Q: 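Structure incoming, see below.
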Protein chains: 2
Amino acid sequence: MSTQLESARLGRYSWQLQAVAEAEQLDPEALRRRVAAGQAVILANPAHKTLVPCGIGQGLRVKVNANLGTSGVLTDLALELAKLEVAVAAGADTVMDLSTGAAAPMELARREILARSRVPVGTVPVYQAAVEAMEQRGSVVEMTADALFSVIERQAADGVDFITVHCGVNRAALDVLQSTGRVASVVSRGGAFTLAWMLHHHRENPLYAEFDRLLDIARRHDVTLSLGDGMRPGSVVDASDAAQVTELVTLGQLVPRARAAGVQVMVEGPGHVPLHQVRANVELAKSLCHGAPFYVLGPLVTDIAPGYDHITAAIGGAIAAWAGADFLCYVTPAEHLGLPTAEHVREGVMAARIAAHAAGLARGDAAAWAADLTMSSARKALDWPGQLKVALDAERASSLRRALNPDGTRACSMCGELCAMDMVAKALGTGTPRC
Amino acid sequence: MSTQLESARLGRYSWQLQAVAEAEQLDPEALRRRVAAGQAVILANPAHKTLVPCGIGQGLRVKVNANLGTSGVLTDLALELAKLEVAVAAGADTVMDLSTGAAAPMELARREILARSRVPVGTVPVYQAAVEAMEQRGSVVEMTADALFSVIERQAADGVDFITVHCGVNRAALDVLQSTGRVASVVSRGGAFTLAWMLHHHRENPLYAEFDRLLDIARRHDVTLSLGDGMRPGSVVDASDAAQVTELVTLGQLVPRARAAGVQVMVEGPGHVPLHQVRANVELAKSLCHGAPFYVLGPLVTDIAPGYDHITAAIGGAIAAWAGADFLCYVTPAEHLGLPTAEHVREGVMAARIAAHAAGLARGDAAAWAADLTMSSARKALDWPGQLKVALDAERASSLRRALNPDGTRACSMCGELCAMDMVAKALGTGTPRC
């Protein structure tokens, strides 16, 4: 079997590549070249049978990921499967199963999500390895390197399309973290497991020390590596610091090694970043990581808005995607407070899609401009069904329209008869808007 | 009586100026110089007896305005007064009464809002003049220039602190609008009234032709003029076009005339603007308008998200305020759909405050950085009461925390025992977070 990267390098148009090219209205040859160069990846583990492949990277529409999964506190698989439905219906391009309940239910959750999901599914394998170590050996730090690689192999064989691997949490990053200090230290769970393990054993991170072993698994299953940012800032005060950048430098060194092994690779980015530093973060990542697709969590442009972090993340995500980020991980209103509800998942996906779409306009995406033109033309014409057809969330727009206006309202309850659209059309003689 | 501008030019520290300096922790002399130069304004009509004055402009915290007011369709004054409470409790720095119901209830609404509001109150006087013309003469276009100035005088005498006046909707702007065309034409109600009136009478806009008459009223009552953007784009497709910029050039010419007359003046900006054009819009406005405080509506960075326009506006508002905008008009989730509910008002204020605060961080505002540091330190310590103390919306954060977590949860239901904060503190020996 060839990976999508190997296949593109051989000049082939895999069916997955063709499907992505068609979905994005791109020339397959242009897409093939980007995949071959590693500037774009195609998430498509052949073992994920229900999958519609998804492309991420330069020249492609900015994508949105929604996180799902049980926790040790909330273990209701049915609820997480309902969130999967909600996320995909709301327009999520991918989902990540971040379950951290007990090991057996985690295995079940992943397989159920893979069986039901037509969008690519990602995971963070160290979660399962850590939970198994707790169950079998009493502590997260009792995880063995072999057990970690074994989990990665199992998940890859199950059909997981991409995995977050915190390969950059190495001695160099840890030394910098300890010497410079931070307000919020490490907020990445995978980063925290790895760091605790390293400190306990006085050993290098196996995902860094044995990176070739990871590449071998990834290549055999065409699992795309998403090089995680375990050192991402968890406070705007810590943003763009030495620990973060040290890790990013390492990730940039691993990207060519992955590509040389025929493994598709993305790079993950922060986190909490004040808005004036967002562009620099994206440009630095693209430069250090040789144009690899960049996957950002947020970024959240302030720390003080728990309950509204889908908004703080939409601000950061819009700027990041405009600056070149390719893939936005959603953030829900429940971030920093607890596991999100299904409604939070919906709000998180919508906010991230707004950011991605706004960035699409800024990046000159023709399809994005066409959508806004259609909406504005319908709005000008007071054509409400036309507006709903192109609305990001037709269901919400329609229900608000019904709730806020008496039956039979022609314009809306904001202006009533004093509708500017209406008045100007009459005054300029450009025709009365149709009703 | 001197206006705040005249008083500052005379080297005086009015009590209003001193109150603003104290609230902003600014040197009164530095503030006085900015007010004297017209780079900052102090909204404080002496007839508004319940007022706590508010400063807007360079070097001051970015402010947030919430729009209230009845419409011809929804005329419930009690509801609008409830929205006033909600807006101020949520942290709105000013409110605008945009009532457009029948004339007598409009008068009542304005006086009630002024009597109850400790934050500055703005209006758009042409709304009342238009509604009175409809009632008394059968049509908006039957408004007379005298009637318009009479409404402005009455509102100023009532204590209105700032008024939006669409002085830039003149023949030059109208000619450009007609010759270049637009998808969404004119979406400003005040702009639409004015334009309809001009076309009907084949006459110049009285607020432009008789600008000195307007200045005379404003000076006598120290009403701050907010030069409205009647030609603001109502679609991203129309953004930064000839009609918009023609109007802005005119507004820039009026600013020095207002200042010369001792009248405080702000300038209003768009509207719907794709995010890559937001900074240019702010910088152009600041340059053309000689550093006058800039008041933006949104900007909304896409047209396709009805139901979520508080988010599209928060993205644009954050970038605008970072680029130098001083004053953000909120947008609610009901925008483009109907008159907002009280809950929509709350959500709109919160989203705009997030944008203003995120921009404050980017602009180096020390108080903003202190807030984020406090939040992140409390978060790191798993100190939930400490987090709530500095949360933008403590009520929502607290209720989500309760709803999403079983009683007695130490960390949160997202991670349970696998809390990164906790794990790292133990691993690094930096102490266990207090509970």
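Within every chain, numbering begins at 1; the chains are lettered A, B, ... in the order of the sequence lines, protein sequences first and strands thereafter. This structure is a prediction, so every number in the text was calculated from the model and none was measured.
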Q: Once you round to the nearest 0.5 Å, how far does NE2 of A:His357 lie from CG of B:Leu275?
A: 10.5 Å

Q: Regarding B:Thr302 and A:Asp372, do their side chains bring together a donor and an acceptor under 3.5 Å, going by distance alone?
A: yes

Q: Please determine, among B:Trp322, B:Tyr308, B:Tyr127, B:Trp197, the option with the most heavy-atom pairs under 4.5 Å with chain A.
A: B:Tyr308

Q: Heavy-atom pairs under 4.5 Å with chain A - which of B:Arg379, B:Glu417, B:Arg401 has more of them than the others?
A: B:Arg379

Q: Hey, which of B:Ala192, B:Gly338, B:Gly317 has the most heavy atom pairs under 4.5 Å with chain A?
A: B:Gly338

Q: Please answer whether the main-chain N or O of A:Ser413 pairs with a side-chain N or O of B:Ser71 as donor and acceptor at a distance below 3.5 Å.
A: yes

Q: For chain B, which candidate among A:Leu404, A:Ile304, A:Ile319 shows the most heavy-atom pairs at distances under 4.5 Å?
A: A:Ile304

Q: For the CE atom of A:Met423 and the CZ atom of B:Phe193, what is their distance to the nearest 0.5 Å?
A: 4.5 Å

Q: Would B:Met421 and A:Val186 satisfy side-chain contact (heavy atoms from CB on, under 4.5 Å), going step by step from the backbone distance to the final call?
A: CA-CA 7 Å; B:Met421 295 288 197; A:Val186 171; over 6 Å; no

Q: What is the distance from atom OG of B:Ser235 to atom NZ of A:Lys380, rounded to the nearest 0.5 Å?
A: 11.5 Å

Q: Is it the side chain or the backbone of B:Leu300 that comes within 4.5 Å of chain A heavy atoms, both, or neither?
A: neither

Q: Below 4.5 Å, heavy-atom pairs only: which of B:Val237, B:Leu339, B:Val390 has the largest tally toward chain A?
A: B:Leu339

Q: For A:Leu337, is there any backbone N or O sitting under 3.5 Å from a side-chain donor or acceptor partner on B:Asn405?
A: yes

Q: Which residue is it: A:Val236, A:Val183, A:Asp303? I am looking for the one with a side-chain contact (heavy atoms from CB on, under 4.5 Å) to B:Met375.
A: A:Asp303

Q: Which one, B:Ala371, B:Ala394, B:Ala362, B:Ala427, leads in non-hydrogen pairs under 4.5 Å with chain A?
A: B:Ala362

Q: For chain B, which of A:Asp238, A:Leu361, A:Leu177, A:Leu98 has the most heavy-atom pairs under 4.5 Å?
A: A:Leu361

Q: On a heavy-atom basis, which atom in A:Leu400 and which in B:Pro333 lie closest, and how many Å separate them?
A: CD1-O, 3.7 Å

Q: Does atom CD of B:Glu135 have more than 12 heavy-atom neighbours from other groups under 6.0 Å away?
A: yes

Q: Could you measure the distance from the CG atom of B:Leu74 to the CE atom of A:Met414? Nearest 0.5 Å is fine.
A: 10.5 Å

Q: Nearest 0.5 Å, what's the OG-NE2 distance between A:Ser376 and B:His336?
A: 8.0 Å

Q: For B:Leu428 and A:Leu199: C-alpha separation, side-chain torsions, deciding distance, then whether side-chain contact (heavy atoms from CB on, under 4.5 Å) applies.
A: CA-CA 8 Å; B:Leu428 288 176; A:Leu199 287 166; 3.7 Å; yes

Q: Could you check which of A:Leu418, A:Val141, A:Val187 has the highest count of heavy-atom pairs closer than 4.5 Å to chain B?
A: A:Leu418

Q: As an exercise: rank A:Gly69, A:Gly72, A:Ala351, A:Pro306 by heavy-atom pairs under 4.5 Å with chain B and give me the winner.
A: A:Pro306

Q: At a 4.5 Å cut-off on heavy atoms, which part of A:Glu335 comes close to chain B: side chain, backbone, both, or neither?
A: side chain

Q: Which atoms of B:Gln277 come close to chain A, meaning under 4.5 Å heavy atom to heavy atom: side chain ones, backbone ones, both, or neither?
A: neither

Q: Report which part of B:Ser188 has an atom under 4.5 Å of a heavy atom belonging to chain A: side chain, backbone, both, or neither.
A: backbone

Q: B:Leu388 versus chain A, heavy atoms under 4.5 Å apart: side chain, backbone, both or neither?
A: neither

Q: Test of understanding: with side-chain hydrogen bond (donor to acceptor under 3.5 Å, both in side chains), list the residues that count as partners of B:Thr100, not counting sequence neighbours.
A: none

Q: Side chain, backbone, both or neither: which part of B:Ala359 has an atom under 4.5 Å from a heavy atom of chain A?
A: backbone

Q: Less than 4.5 Å to any heavy atom of chain B: does that hold for the side chain of A:Met134, its backbone, both, or neither?
A: side chain

Q: Measure B:Gln178 against the heavy atoms of chain A and call it side chain, backbone, both or neither at under 4.5 Å.
A: side chain

Q: Using the side-chain contact (heavy atoms from CB on, under 4.5 Å) rule, take A:Ile354 and B:Ile315 through it: C-alpha gap first, then chi angles, then the decisive distance, then the call.
A: CA-CA 9 Å; A:Ile354 288 170; B:Ile315 295 171; 3.8 Å; yes

Q: At a heavy-atom distance under 4.5 Å, which candidate from B:Ala358, B:Gly316, B:Gly416 has the highest pair count against chain A?
A: B:Ala358

Q: What pairs meet the salt bridge (Lys or Arg N to Asp or Glu O under 4.0 Å) rule with one or both residues in residues 181-192 of chain B, with sequence neighbours excluded?
A: B:Arg182-B:Asp241

